[in-house]
Amino acid sequence: MARHLVTSALPYINGIKHLGNMVGSMLPADVYSRYLRLRGHDVLYICATDEHGTPAELAAKAAGLSVAEFCAQAHDAQKAVYDGFKLAFDHFGRSSSHQNVEITQHFARKLWENGFIEERAISQVYSPVDGRFLPDRYVEGTCPHCGYDKARGDQCENCTRVLDPTDLLEPRSAISGSTELEIRETKHLFLLQSRLQHEVEAWVARHEADWPQLSSSIARKWLTEGLHDRAITRDLDWGVPVPADTWPDLAAEGKVFYVWFDAPIEYIGATKEWSDAAPDGEVRDWKSWWYEADDTVRYTQFMAKDNVPFHTVMFPATELGVREPWKKVDVVKGFNWLTYYGGKFSTSQKRGIFTDAALETLPADYWRYFLIANAPESDDSSFTWEHFAATVNKDLADTLGNFVNRVLSFSRKRFGDEVPAGATAGEAEARLGEEIARLLTEYEEHMDTLQYRKAAAALRALWSAGNSYLEEKAPWLEIKTNSDGAALTLRTAMNLIHLYAIVSEPLIPTSAAAMRGAFALESDTATWVTPEEAKSLTAIQPGTPFTVPPVLFAKITDEDLESYRERFGGSDA
């Protein structure tokens with residue numbers, strides 16, 4: 001089987017993420033990783049917190065903590081939420097790790113040696129009161145376009161216009177509030193992306209056929225506009241230090257690498273973290289996943305569209321310029337936005353549903369299924385409580401949950417706590433097997449091609465096929481005249497429950513485990529069900545003890561909806 005490297009965009013450290021962030025990166029990566037593992041592939045799913053940059057320093061200052069202490073606490077808080085969502089990372093690292101520092105500095109040295117980094121003098125805002133140069137986000141003021149008085153030096157959050165610190169009216173330091181600012185000359189390192197333009201274009205041309213249109217169109221837009229040389233250092237106290245052995249003057253000034261230079265390298269750094277964290281007796285070869293791995297590893301990345309250009313253009317340019325055989329991405333699965341009642345989720349403005357609050361409200365599987373079934377793939381999708389409740393009630397509670405409950409409850413009531421034997425499978429069971437095999441093939445095809453909405457629809461159709469079979473056979477009537485026939489119907493339905501448990505695990509792992517655990521099998525090592533195996537529906541043999549699990553999915557009532565809208569906002573959000 002193939003080796004699959006899977007990464008998702010690194011969640012930024014300053015706060016718990018919202019559902020839009022979850023569905024645009026980590027959740028689909030987890031679903032894909034789980035699916036690949038079930039199919040028998042060797043999978044490594046890597047992610048980490050993105051911990052450098054001005055927002056981390058500002059958030060630490062607001063919390064009254066050192067940046068290191070703030071990031072450590074925030075990392076643990078985010079990891080706890082992702083554990084609650086059952087994200088099965090192989091490793092969830094930190095971009096502030098010493099492994100990332102070492103690899104980032106190695107990349108920088110190689111780019112310098114190969115002529116793709118140069119020092120340039122630029123003009124930058126300096127605060128005498130703070131005694132330091134101020135990166136763009138450390139300068140606040142009034143937007144010259146819309147008059148918003150809390151605009152940052154890189155962008156106005158109110159009107160979204162891109163800004164330069166010198167554009168701001170009445171600029172002030174975000175550290176001290178001082179308005180005594182000066183423009184001084186300082187030196188920074190620039191990545192000469194313009195020299196790598198043709199190589200990046202050729203690389204994109206070789207790979208974009210495997211990307212969704214969203215990813216390829218974004219990459220092409222950047223390339224058409226032309227790659228510009230980009231400053232990759234900042235004047236900050238927190239970040240990967242510029243190495244003194246290569247740039248002694250800049251190191252003496254305390255320069256660190258820009259977060260968008262070191263963050264993508266953390267995919268490699270976090271893999272080395274995973275390797276270094278191996279328990280005694282286990283050997284993990286991190287380099288085999290990343291170095292000279294083009295022919296042995298299939299690499300898939302997941303991210304929202306705002307991150308796509310950095311991973312389809314900027315980081316590939318970095319890897320190409322290093323002139324070493326580091327693994328580059330094969331597939332970039334880009335997502336559009338998930339909106340909240342048509343408005344943008346916002347971490348800074350606390351608008352929408354955040355992942356910790358989601359888990360406090362309802363179990364993870366409710367959210368996992370809804371988000372994947374409505375993934376913003378071809379266009380933006382909107383979260384509304386009404387749509388969420390309708391999806392949970394119809395698909396999860398009625399179609400799947402009710403099927404599991406009524407099959408097991410009725411069988412226990414009529415035949416006891418073991419799977420009944422009953423008659424030999426007949427025409428109805430043969431038709432069902434063919435239908436399940438067809439739908440399972442469709443489900444696999446959509447999962448293989450990362451088409452999440454279609455995959456969820458195929459899974460829903462698998463669940464619906466069981467209900468259709470049950471309605472056709474009507475064991476509650478059948479048992480009155482044909483006890484063996486009713487037993488066959490229930491035994492077949494129980495085999496469907498076991499099949500559902502296996503193939504539903506990527507989307508709803510907790511509920512899948514409960515379904516699978518209902519049967520006391522001596523050995524249940526099945527990792528997947530092939531379409532051919534699905535035709536027979538005989539994995540659960542007569543005499544197998546079973547239990548009726550608690551209700552898998554509770555319906556969301558009108559009273560629930562009212563309370564959710566009151567807490568989180570509704571159509572006027």
Side-chain angles (χ1 to χ4, degrees), residues 9-17 21 48-79 93-98 100-101 104-105 108 122 124-141 150-157 163-166 168 171-182 184 186-189 230-243 250-266 269 310 346-350:
L10 309 185
Y12 199 68
I13 196 66
N14 64 336
I16 299 299
K17 305 298 123 183
N21 183 281
T49 39
D50 180 4
E51 300 187 6
H52 294 138
T54 53
E57 289 195 3
L58 293 173
K61 181 176 182 291
L65 299 170
S66 69
V67 189
E69 185 178 4
F70 170 81
C71 288
Q73 292 182 11
H75 171 86
D76 291 346
Q78 287 198 25
K79 180 60 163 59
R94 302 180 59 188
S95 68
S96 60
S97 69
H98 71 85
N100 192 43
V101 170
T104 297
Q105 291 178 340
I122 63 170
Q124 190 173 332
V125 176
Y126 184 85
S127 171
V129 171
D130 298 309
R132 60 181 293 175
F133 284 98
L134 300 180
D136 44 19
R137 285 203 174 197
Y138 271 36
V139 185
E140 296 178 345
K150 295 183 178 60
R152 299 189 305 258
D154 61 342
Q155 186 178 35
C156 174
E157 191 173 74
L163 300 171
D164 186 90
T166 55
L168 295 172
R172 61 188 178 274
S173 165
I175 302 172
S176 63
S178 173
T179 58
E180 299 176 22
L181 305 181
E182 303 173 358
R184 294 187 182 182
T186 184
K187 288 185 177 181
H188 280 286
L189 297 179
R230 190 178 186 118
I232 58 168
T233 53
R234 292 290 188 271
D235 293 284
L236 293 171
D237 296 327
W238 176 253
V240 175
V242 170
L250 297 185
E253 294 173 8
K255 308 285 188 186
V256 301
F257 286 106
Y258 178 41
V259 61
W260 262 113
F261 182 72
D262 82 85
I265 297 172
E266 167 59 7
F310 299 99
S346 172
T347 300
S348 60
Q349 296 185 15
K350 302 295 183 184

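Values below: every heavy atom of this structure, side chains too, minus hydrogens, waters and symmetry copies.
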Check the pair Gln124 / Leu134 against side chain to side chain contact (heavy atoms under 4.5 Å, CB included), numbers first and verdict last.
CA-CA 7 Å; Gln124 190 173 332; Leu134 300 180; 5.7 Å; no
What distance do [X] atom [atom1] and [Y] atom [atom2] have between them, rounded to the nearest 0.5 Å?
{"X": "Asp235", "Y": "Lys255", "atom1": "CG", "atom2": "NZ", "answer": "3.5 Å"}
{"X": "Asp50", "Y": "Leu10", "atom1": "CG", "atom2": "CG", "answer": "5.5 Å"}
{"X": "Leu58", "Y": "Arg137", "atom1": "CG", "atom2": "CZ", "answer": "8.5 Å"}
{"X": "Thr186", "Y": "Glu253", "atom1": "OG1", "atom2": "CD", "answer": "5.5 Å"}
{"X": "His75", "Y": "Lys79", "atom1": "NE2", "atom2": "NZ", "answer": "7.0 Å"}

Less than 4.5 Å apart, side chain to side chain, heavy atoms only: is that true for [X] and [Y]?
{"X": "Pro241", "Y": "Gln105", "value": "yes"}
{"X": "Val242", "Y": "Phe257", "value": "yes"}
{"X": "His52", "Y": "Arg234", "value": "no"}
{"X": "Val256", "Y": "Trp238", "value": "no"}
{"X": "Arg172", "Y": "Val139", "value": "no"}
{"X": "Lys17", "Y": "Tyr12", "value": "yes"}

Strictly distance-based, threshold 3.5 Å: is any side-chain N or O of [X] a donor or acceptor partner for the main-chain N or O of [Y]?
{"X": "Tyr138", "Y": "Arg152", "result": "no"}
{"X": "Lys187", "Y": "Leu250", "result": "no"}
{"X": "Asn100", "Y": "Glu266", "result": "yes"}
{"X": "Glu140", "Y": "Ser173", "result": "no"}
{"X": "Ser97", "Y": "Arg94", "result": "yes"}

Quick one, Asp130 with Arg132, criterion salt bridge (charged side-chain N to carboxylate O under 4.0 Å, His left out). Give me CA distance, side-chain angles, the key distance, then yes/no.
CA-CA 6 Å; Asp130 298 309; Arg132 60 181 293 175; over 6 Å; no
Quick check on Glu69: does its CD atom have over 12 non-hydrogen neighbours (other residues, nucleotides or ligands) under 6.0 Å away?
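Correct, the count exceeds 12.
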Minimum-distance pair of heavy atoms, taken over all atoms of [X] and [Y]:
{"X": "Ile13", "Y": "Ala74", "answer": "O-CB, 3.4 Å"}
{"X": "Pro11", "Y": "Ala48", "answer": "CD-O, 3.1 Å"}
{"X": "Pro243", "Y": "Ala251", "answer": "C-CB, 4.3 Å"}
{"X": "Ser95", "Y": "Asp262", "answer": "CB-OD1, 4.0 Å"}
{"X": "Ser127", "Y": "Leu181", "answer": "CB-CD2, 3.8 Å"}
{"X": "Leu163", "Y": "Cys156", "answer": "CD1-N, 3.7 Å"}

Donor-acceptor side-chain pairing of Glu51 and Thr49 below 3.5 angstrom:
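Their side chains do contain a donor-acceptor pair, which is all the 3.5 Å distance test asks for.
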For Phe133 and Tyr126, take the angle between the two ring planes, folded into 0 to 90°, and tell me which bin it lands in: parallel under 30, tilted 30 to 60, perpendicular over 60.
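If you compare the ring of Phe133 with that of Tyr126, the planes turn out perpendicular.
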As a quick check of understanding, evaluate side chain to side chain contact (heavy atoms under 4.5 Å, CB included) for Ile175 and Val129, giving each step before the final call.
CA-CA 10 Å; Ile175 302 172; Val129 171; over 6 Å; no
Run the numbers on His188 and Tyr258 for side chain to side chain contact (heavy atoms under 4.5 Å, CB included), then give the verdict.
CA-CA 10 Å; His188 280 286; Tyr258 178 41; over 6 Å; no
Where do Val67 and Asp237 land on the side chain to side chain contact (heavy atoms under 4.5 Å, CB included) test, with the steps shown first?
CA-CA 9 Å; Val67 189; Asp237 296 327; over 6 Å; no
